[in-house]
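Computed from a predicted structure; not experimentally measured. Letters A, B, ... mirror the listed sequences (proteins, then strands); counts begin at 1.
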Amino acid sequence: MPGALFLEGDKVNLRTVEEEDIEFIRDTYNLPEVRKFLSYRRPANFEQEKDFFENVVCGDEQVNLAICRDEEMMGLVSLIPKDEGVQEVGIWINPEYHGEGYGTEASRLIIGYAFRELNVHKVTARAYETNKPSQKIWEKLGFTQEGEMREQVYTDGEWRDTFYYGILEEEWN
Amino acid sequence: MPGAVFLEGESCKLKTFEQEYFDFYIDDFTHSEVLSKMLMNRPRSPKNMKERLKEEWLTDEDNIVLVVSHESEVAGYLFLRHEDKVEAEIGVLIREEFRRKGLGEESVSLLVDYAFEELGYHRVLARVLETNTASKNMLENLGFTVEGEEREKFFTKGEYKDITRMSLLKDEWRSK
């Protein structure tokens, strides 16, 4: 049974993450082309993803939503509290569904929700220098690139820069 | 078959280690022949092993274990133990009926590449019983160099044996 509909867009909708989604999360998270853009790059088995579900998804701190086309899960989008009034948005989508603008719409939905309902002042995002699709999302949505942390992460055989992005409440429409 | 595909080669897939594999694993790690190859001496009770597996492999982020899967069957296990930020130690066990197909070499090569390119280690270490020529040859094929012996370090079949230490550096791997 798919999760409850939480936010509705044109191409995608965001639903609550349910226990049935753990396997999809595990299978996608372990793909080399997905994990190379994420900070945790070790194998994660079902038990560990179940832990993530029970402690993080079901916890009070973050908002994690399933990115779905109709009722089919394609990825995960999250809001992670950073400082007071500041939250970071994070996203991954199974490569099968890349290139369709799903990531941009899912991010737009969750960021709108953050400003509208959570009274957040600023939303931030991060992308490795090699992750062009992610950088494009933040640029399209009107984020400003605020910084470039030099050689901040080892991925794909080299030390890479991490780009930091931010958007303020009054800049979001 | 459970387990998410983590690394993929031509004839094998390396999958995440799941609870469904426990019984297989425990069975395999009870044979004395296997144990001595893996530089272990004593079998553990299945109950004890299950507890340890849960603690050591399912939640520990320093130790990686992957299942070598060949044509959807469990062909063996791969290990990567974090020593420090410079070095990780690799270990492999291919189950009896899956040997001599090159699965060991292919799976070790996938994991070595992962250790260097994704995790950023500088060197990979392997420790092999001196009498285990099959493993030594396989590692040499991959570019590992013998760097020393741990003299009479392991007791098996009534006598002390050396453990051969072999290592591979990132640059050596990349220029191969």
Does [atom1] in [X] sit with more than 12 non-hydrogen atoms of other residues, nucleotides or ligands closer than 6.0 Å?
X      : atom1 : value
B:E97  : CD    : yes
A:E117 : CD    : yes
B:K13  : NZ    : no
B:K170 : NZ    : yes
A:D70  : CG    : no
B:K136 : NZ    : yes

Does any N or O in the side chain of A:E47 come within less than 3.5 Å of the main-chain N or O of B:Q19, such that one atom is a donor and the other an acceptor? no
Given 3.5 Å as the limit, does a donor-acceptor pair link the side chain of A:N45 with the main chain of B:F17, or not?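 Side chain of A:N45 to backbone of B:F17: a pair is present.
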Which atoms of B:L14 are under 4.5 Å from chain A, going by heavy atoms: the side chain, the backbone, both sets, or neither? neither
A:V123 reachable from A:L168 in the ILVMFWY side-chain graph, under 4.5 Å edges: no
Any idea which heavy atoms bring [X] and [Y] closest together, and the distance?
X      : Y      : answer
A:Y154 : B:F116 : OH-O, 2.9 Å
A:G157 : B:R174 : O-NH2, 2.7 Å
B:T16  : A:A44  : CG2-O, 3.5 Å
A:R41  : B:F6   : O-CZ, 3.8 Å

Side chain to side chain contact (heavy atoms under 4.5 Å, CB included) for B:L119 and A:R42? Distances and angles first, verdict last. CA-CA 8 Å; B:L119 297 181; A:R42 287 164 179 271; 4.0 Å; yes
Can you tell me which of A:R26, A:K36, A:E158, A:E23 forms the most heavy-atom pairs within a distance under 4.5 Å of chain B? A:R26
By a 4.5 Å heavy-atom criterion (distance strictly below it), what part of A:D156 contacts chain B: side chain, backbone, both, or neither?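 Backbone only.
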